[in-house]
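Encoded as structure tokens, the structure appears first; notes follow it.
Just so you know, these numbers come straight off a predicted model, no measurement behind them.
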Amino acid sequence: MKLHRLTMQAFGPFAGTETVDFDALGEAGLFLIHGPTGAGKTSVLDAVCFALYGKVPGAREAAKSPRSNHAPPHLAPEVTCELTIRGRRLSITRSPQWERPKKRGSGTTVEKPRIAVSEYTGQGWRGVTTRIDEAAQFIDELLGLSREQFCQIVLLPQGEFARFLRASASERRRALERLFATEAFGDVEKWLAEHARELGRAATAAETAVRRVADLIADRCGARAPVPEEPDDLVPWAAELAGVTLGTARDLERIAADRVRRRDEARHALERARELADLHHRHADAQRREGELSQRGEWRSALDAELRAAERAAPVIPLLDALDQRRGQVRKAELDLAQRVPLIEGLAGLPAALSRDGLLAPADPASSTRAETLLGAAERDRRDEIAQLEHLRGNAGRLAGLRDSIAADTARIERVETELGQVTAHLDRIPERRTALDQALTKARERALPRESASEAVRAAQARLTAVLSCERLADELDVAARRREAAVDAAQRSRDRLQEIRERRIAGMAAELAAGLVTGAPCPVCGSADHPAPASGEEGRPSRRDEEEAQRAFDTAAAERVAAESAAASVAERLAAARSAAEGMDAAQARELVARREAALAEIDGAAEEARRLADELAALDTETERARVREGELGRELARLRERVEVGERDAARLAAELDAARGDDPDLAARISRLSDEAGLLESVSRALRARLVAVEELTAAEQEARAAVAAAGFDDAGEVRAAARDVARKRDLAERARAYDDELAAVRSVLADPALVAARRLPPPDLAALGAAAEAAEEAARYTLAWHDRLEERAARLADLRAELDAELDRSRPARHRHAVAERLSRLASGTSGDNREHVPLSSYVLAARLEQVVAAANDRLHRMSDARYELRHTVDKVAGDRSRSGGGLGLLVIDAWTGQERDPSTLSGGETFITSLALALGLADVAGAEAGGAEIGTLFIDEGFGTLDEETLEEVLEVLDHLRDGGRAVGVVSHVADLRTRITSQLRLVKSSSGSRIAQSG
């Protein structure tokens, strides 16, 4: 992968559009990215990562959006990256999700993320895709690196590799797992552990099933199940219990058969004795009952006489009851007539024959018929008049409705006339109001100038004021930083001189230092001779090796402080230059006055715009109001004419209907009252006619009933009706008498049949049996047989159940053996893979073993660079042992040690100084990039970035590091260094400088 061009718009600290030409920067192979803190050095790398993956590296991804806070509200955030991957030149343009102001109205709307991928061919650029998911798949397949791998391989973050160098085995493992696709081996460890647990649960379940069957066998036999060393040891125990139980059941079978035979004989003897005793008892009861029935003969004859008299009276009783009913009907009819006749007295138009005395005289068919005829004629006259009046009842209802409608319309006319006058007056006042609003709106629009230029002028004035204030503060900071830089440079120079002096004096006295270590008889480390005739004796107070190391450390510290001071001074100077450029020569008073003047102008424009919007809304509302008033005026005029016409027609119809109804009601208050009165009179006449007819019919029916009853009493042989009622019996009584007579006859016949039974006669000749003795013998035989059979059945059932349980035990054992074997094999394999088995001598898990192989490759690649950068002093070594601070059981196969060639000792990485840590972690990062790139399918890295860490190096080490980085250019690779170190600006000519200001950062490219 090789970068060509990067364009950023409204991204991170960049308010506008900034472009980076990586082709120009990379011509020298090594280029520098520098600028003050917060200027956006890391944001350039974020933009590259965002273009490829849609996300920025590390914790910055948690930010809501990478859009610049300095950018204008309508400017869309966008990154375009042009690069070559595996020989294919691509252009990727990506925009994140962001909120922009609405084009109409207030508020914001959300813009969705977008992407466009194009490829350059011989004929120009060709679109590949605009879908985010397709673009992600296309880039991943072509680049061959995940986002984590890209951030580790291409954007080498030095602080993270320093942490990796000093990390524990578990932390180092998590870092390597993000780079290398070793999840499968961790999954294998998890699967083996889970598989062993599943097989363990299966083996436990199988053993539990075996134990359950053994417990069932023990429970059947009333014994306790043994606890064998192996489950198979239960088989002989179960076989013994089953054999003993089966033999006992067979022995008891013969005894049970003899006791069953004796029980059956005792049962038969008892049943025969009970039958004989029952025959004796039945014969004695029959004799006693025959004597009792013979004594009740007269009672039986009286029942027959009573039944015969009741039968003769039965047909006469209904006639006597009918006679009593007819007498009651006559009394009721006469009472009803007497109550109704007074009601018709005083009715107009009735003849004299319908007076009270005439109607209530004794019933006579001729006079009753004549009175009915007169009553019917009077009733018909009234009903005929009612029918004529009913035709006019609808006119009364229509008259009332007309009068209500006329009243409602009259009231509505008054309201409409009032409202119409108000609407007309309102329309007359509107033209004057509209003219005033038009004039005010025109003046407001003249004052409301375009706001964007005024707003931009306010922002520019505020930025200038901020720059003026920053100039004053940064000038003071620059003085302080300059003094600190001068002091740090002087101190570093003194430390360097001191170190050089000590080295020169030590070299001069090196012979004496070696001579001090000579031992008689031991070979000389220089010449090898065991003889030491004239050992050198150096000057007093010559420096030792410890003095040189202390001087070296002092120089390292002073050099680091010098670099930090120079970087701080350069950063302040850059910020001061940017602030002076933005201030444009103004002082604080002038800048504040400019801000106030432009803010007042903006406020005046905003007030005029708000007043114009309000007046426009009022004018539109007034036009709408005018149109509604005119429409309402027309509606009210049409409604008023319609109401007046309807009232006039209604009054004419009401006068006509009132005249007709007055003529029809006569002397009654109204038509309904006359109809009600005539209906009541007709009903009364009809009821009197019905009562008169009912009385005549009742009298005729009474006369006929008296004649029929006298004839029936005589025909039945009774003297009068009282004698008939005394002999009568109801149905229940007659049924009772017949049943009692029949029961007596049936019982007498049954008793005599029993006494004649041959079996009873023969039984009387035999002596009575001893039931108590025979019953006791049968009960004893029954108990003995039941006890024996119960035990036999219990033993037989137990033997059968034990045979079934024995077969079940064999089956469960057959199932448990392979389950136990599989679990044992899986457990051993799981512990071996997890590093907890004794067979795993180093206690290294499988996933760590695979990562350790990758780490060995990384260490080998890192040592090639570390050898040159440390002047052949340091070398990394991979180890499976514990390292400092690691509290795990072992090093987990991912330990790192540093071999110091000067001392020949192995050192923990945490003992390295800041500069030593930097070169070691840089070598480790470069080695990891090589190995991870090869792991990702040999991905070619044409552009590489190294982020910070150079400030900890002295000049000599810095030269060695830059020489190593210079070798990275082989094959056309471009290496970008992100740093604050001032020395790098003179050593690296191709530079990308970032300038920070209050309105956002910008990019200046050189080299």
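The side-chain heavy atoms of Val44 and Val978, taken from C-beta on, include no pair separated by under 4.5 Å. In this structure, Thr80 and Ile92 have side chains that are not in contact, with every pair of non-hydrogen atoms separated by 4.5 Å or more. Taking the side chain as every heavy atom from C-beta outward, Arg485 and Arg562 never approach each other to under 4.5 Å. Under the 4.5 Å side-chain criterion, counting only non-hydrogen atoms from C-beta, Val48 is not in contact with Val79. With contacts defined as side-chain heavy-atom distances shorter than 4.5 Å, the pair Leu6/Thr19 does not qualify. Looking at heavy atoms from C-beta onward, Phe31 lies out of side-chain contact with Val977 at the 4.5 angstrom threshold. Side-chain atoms of Lys55 and Cys49, non-hydrogen and from C-beta on, never get closer than 4.5 Å to each other. Side chains of Ile85 and Leu83 form a contact here, defined as non-hydrogen atoms less than 4.5 Å apart.
When every heavy atom of Gly40 is checked against every heavy atom of Pro13, the shortest pair comes out as CA-CG, 3.6 Å. Between Pro113 and Gln97, the shortest heavy-atom distance links the atoms CD-CB, 3.8 Å. Residues Ile988 and Leu30 approach most closely at CG2-O, 3.5 Å, considering heavy atoms. Between Ala10 and Ala76, the closest heavy-atom pair is CB-O, 3.9 Å. Contact record, Gln462 with Val595: N-CG2, 3.7 Å, taken as the closest heavy-atom pair. Of all heavy-atom pairs spanning Asn863 and Leu876, the tightest one is OD1-N, 2.7 Å.
For the atom pair CH2 of Trp98 and OG1 of Thr108, the computed distance is 10.0 Å after rounding to the nearest 0.5 Å. Put simply, NZ on Lys112 and CD1 on Ile132 are 10.0 Å apart, with the number rounded to the nearest 0.5 Å. Note that CZ of Arg993 and CG of Leu32 are 11.5 Å apart. Values are rounded to the nearest 0.5 Å. Atom-to-atom distance recorded for Ser91:OG and Trp125:CH2 is 5.0 Å, nearest 0.5 angstrom. Interatomic distance, Arg94 CZ to Ile115 CD1, rounded to the nearest 0.5 Å: 3.5 Å. Atom CD of Gln9 sits about 9.5 Å away from atom OG1 of Thr7, to the nearest 0.5 Å.
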Would you please test Phe11 and Ser68 for side-chain contact (heavy atoms from CB on, under 4.5 Å) and show each step? CA-CA 5 Å; Phe11 185 87; Ser68 175; 5.9 Å; no
Stepwise side-chain contact (heavy atoms from CB on, under 4.5 Å) check, Arg100 with His74: CA-CA 6 Å; Arg100 64 165 178 79; His74 291 277; 5.5 Å; no
The test is side-chain contact (heavy atoms from CB on, under 4.5 Å); show your working for Leu594 and Arg464 and say whether it passes. CA-CA 9 Å; Leu594 179 63; Arg464 190 171 299 173; 3.8 Å; yes
Just do the side-chain contact (heavy atoms from CB on, under 4.5 Å) check on Arg114 and Ser95 with the steps written out, would you? CA-CA 5 Å; Arg114 295 179 293 102; Ser95 177; 3.7 Å; yes
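Taking 4.0 Å as the cut-off between side-chain N and carboxylate O, Arg89 and Glu82 count as a salt-bridged pair.
Around atom CZ of Arg484, no more than 12 heavy atoms belonging to other residues, nucleotides or ligands sit under 6.0 Å away. Within 6.0 Å of CD on Gln137 lie no more than 12 heavy atoms contributed by other residues, nucleotides or ligands. Counting non-hydrogen atoms of other residues, nucleotides and ligands closer than 6.0 Å to CG of Asp133 gives a total above 12.
Looking at Glu561, its side chain never comes within 3.5 Å of a backbone N or O of Ala488 through a donor-acceptor pair. Counting only distance, with no hydrogens or angles, the side chain of Thr84 and the backbone of Gly87 share no donor-acceptor pair below 3.5 Å. Arg86 places a side-chain N or O within 3.5 Å of a backbone atom of Leu142 that can act as its donor or acceptor partner. The backbone N or O of Glu111 sits nowhere less than 3.5 Å from a side-chain atom of Glu99 that would complete a donor-acceptor pair. With hydrogens and angles disregarded, no donor-acceptor distance shorter than 3.5 Å links the side chain of Thr130 to the backbone of Ala116. Ser43 places no side-chain N or O within donor-acceptor distance of the main-chain N or O of Asp46, the cut-off being under 3.5 Å. Under a 3.5 Å cut-off, the side chain of Arg67 and the backbone N or O of Gly12 do not form any donor-acceptor pair.
Partners of Tyr53 by side chain to side chain donor-acceptor pair (under 3.5 Å), not counting sequence neighbours: none found. The side chain to side chain donor-acceptor pair (under 3.5 Å) search around Glu78 returns none, not counting sequence neighbours.
Relative ring orientation between Phe22 and Phe945 is described as perpendicular, the plane-to-plane angle rising above 60° on a 0-90° scale split at 30° and 60°.
When each of Met8, Arg5, His4 is tested with Val20 by the rule side chain to side chain contact (heavy atoms under 4.5 Å, CB included), just one qualifies, namely Met8.
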